[in-house]
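Note sheet for the following structure.
Note that the structure is a prediction, hence the values are computed from the model and not measured.
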Amino acid sequence: MKQRTLGASRLSVAPIMLGGNVFGWTADEKTSFAVLDAFAEGGGNFIDTADVYSAWVSGHHGGESETLIGKWLKTRGKRDQTVIATKVGMLEGEGGKGLKASRIAAACEASLKCLQTDVIDVYFAHKDDPETPLEETLAAFNALVKAGKVRAIGASNYSPTRLAEALAISDRNGWARFTVLQPQYNLLKRDDYEGALQQLAIDEAIGVVPYYGLASGYLSGKYRTAADVTGARAGAVKKWVEGKGPSALAALDAVAAETGARLAAIALAWLREQPGITAPIASASRPEQVADLIAGATLSLTPDQLSRLTAAVR
């Protein structure tokens with residue numbers, strides 16, 4: 001699998017990122033390890049998680065995903081071969097909440113402990129925090145980079161205006177700047193990224209790793225009718241079944257007939273080839289699902305196939 005450079009971070013990553021939100025939620029430890037093993041064996045080296053995963057589950061407090069990934073890294077001896085990204089900003093805890101400097105410092109220490117590592121490769125602001133001055137947030141991230149606890153910093157769920165402002169503040173102060181962006185983006189959900197945010201990422205050499213690459217699994221073709229909408233992701237996919245989703249599936253079906261590839265691989269291959277994208281994020285709750293992710297990182301689509309998919313949903 002040919003790797004790509006992650007923007008100006010200079011980190012080298014596979015063109016697919018494994019989402020870790022399912023670990024400790026819909027995938028127990030044994031299954032999570034099997035998924036991670038399959039991903040690594042397929043050539044994947046890039047894993048996404050967050051301190052808040054999976055605090056929404058009854059009895060959980062956050063850090064469950066990081067803990068499972070940390071145990072896997074330790075057990076398999078894979079830390080040096082793996083690029084790990086985690087996030088801060090959605091889980092309240094020691095030091096307060098949001099992106100206050102005190103919260104960032106405390107959350108970083110907690111994530112390092114869970115992941116059983118001494119450095120986080122990419123540390124994301126999970127979402128913009130308008131209640132905390134950008135200067136305070138960026139100074140806190142810069143301190144972590146200077147201390148060697150973080151290699152690169154990223155922004156998730158930032159508007160183009162706020163991202164541009166953050167970059168300008170970092171540049172004025174000589175601080176570490178955001179070199180990775182994590183927006184929501186897939187064949188069905190395009191407006192958050194395409195346009196000003198996409199152009200800013202390209203102009204500023206920011207690596208882009210979009211989440212919900214498969215639209216919560218809808219683009220795998222699993223949910224064809226309202227009767228199919230069951231399970232943990234039912235709420236997230238219902239809007240696609242009832243909206244513009246069928247048009248996307250029809251276009252994916254046509255390309256599948258031409259290539260023999262599965263729908264999930266095609267959807268990820270389309271996403272991988274969009275301007276500015278380094279690596280789409282997709283998760284797998286079972287090891288057999290990983291093959292589609294790996295295929296999505298290597299499948300070549302023709303310009304005609306890419307344009308037809310793009311035109312299927314506007």
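Thr49 and Glu66 share no side-chain donor-acceptor pair at under 3.5 Å.
The number of heavy-atom neighbours closer than 6.0 Å to CZ of Arg262, taken from other residues, nucleotides and ligands shown, is 12 or below. For Lys244, the NZ atom sits in a packed shell: over 12 heavy atoms of surrounding residues, nucleotides or ligands are nearer than 6.0 Å.
A 4.5 Å side-chain heavy-atom check between Leu263 and Asp253 finds at least one atom pair inside the cut-off. The shortest distance between side-chain heavy atoms of Thr259 and Gln305 falls below 4.5 Å. Looking only at side-chain heavy atoms (C-beta outward), Leu18 and Phe23 come within less than 4.5 Å of each other. Considering only heavy atoms from C-beta on, Asp48 stays 4.5 Å or farther from Val209 through its side chain. Proximity of Ser170 to Asn142: side-chain heavy atoms (C-beta onward) are nowhere separated by under 4.5 Å. Residues Val13 and Asn45 have side chains in contact (heavy-atom distance under 4.5 Å, counting atoms from C-beta outward). Between His60 and Tyr53 the shortest side-chain heavy-atom distance does not fall below 4.5 Å. Proximity of Ile47 to Ile69: side-chain heavy atoms (C-beta onward) are separated by under 4.5 Å at one or more points.
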As a quick check of understanding, evaluate side chain to side chain contact (heavy atoms under 4.5 Å, CB included) for Thr298 and Met1, giving each step before the final call.
CA-CA 7 Å; Thr298 56; Met1 189 184 298; 4.2 Å; yes
Should Lys149 and Glu109 be marked as a salt bridge (charged side-chain N to carboxylate O under 4.0 Å, His left out) after you check the CA-CA gap, both sets of side-chain angles, and the distance that decides it?
CA-CA 9 Å; Lys149 296 179 180 182; Glu109 293 301 325; 2.4 Å; yes
Going through the distances and angles, do Glu165 and Arg172 end up as a salt bridge (charged side-chain N to carboxylate O under 4.0 Å, His left out)?
CA-CA 11 Å; Glu165 186 180 353; Arg172 282 200 303 270; over 6 Å; no
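Contact check on Lys189 versus Asp191 returns a salt bridge, with a Lys/Arg side-chain nitrogen under 4.0 Å from an Asp/Glu carboxylate oxygen. Between Lys78 and Glu41, none of the side-chain N atoms (NZ, or NE/NH1/NH2) sits under 4.0 Å from a carboxylate O, so this pair counts as no salt bridge. Looking at Arg79 and Asp121, a side-chain N of the basic residue comes within less than 4.0 Å of a carboxylate O on the acidic one, giving a salt bridge.
Closest approach of Trp270 to Gln274, counting heavy atoms only: O-NE2, 2.8 Å. Taking all atoms of both residues into account, the shortest heavy-atom contact from Lys100 to Glu136 is CA-OE2, 3.5 Å. Closest non-hydrogen pair, Leu115 versus Thr86, comes out as CD1-CG2, 4.3 Å.
Applying the ring-ring contact (aromatic ring centres under 6.0 Å, His included) test to pairs two or more places apart or on separate chains, those with a residue in residues 80-139 are Tyr123-Phe141.
Applying the side chain to side chain contact (heavy atoms under 4.5 Å, CB included) rule to Glu92 yields the partners Lys97; only residues at least two apart in sequence or on another chain are considered.
Note on ring orientation: taking the six-membered ring where Trp is involved, the planes of Tyr218 and Tyr223 are parallel (angle under 30°, cut-offs 30° and 60°).
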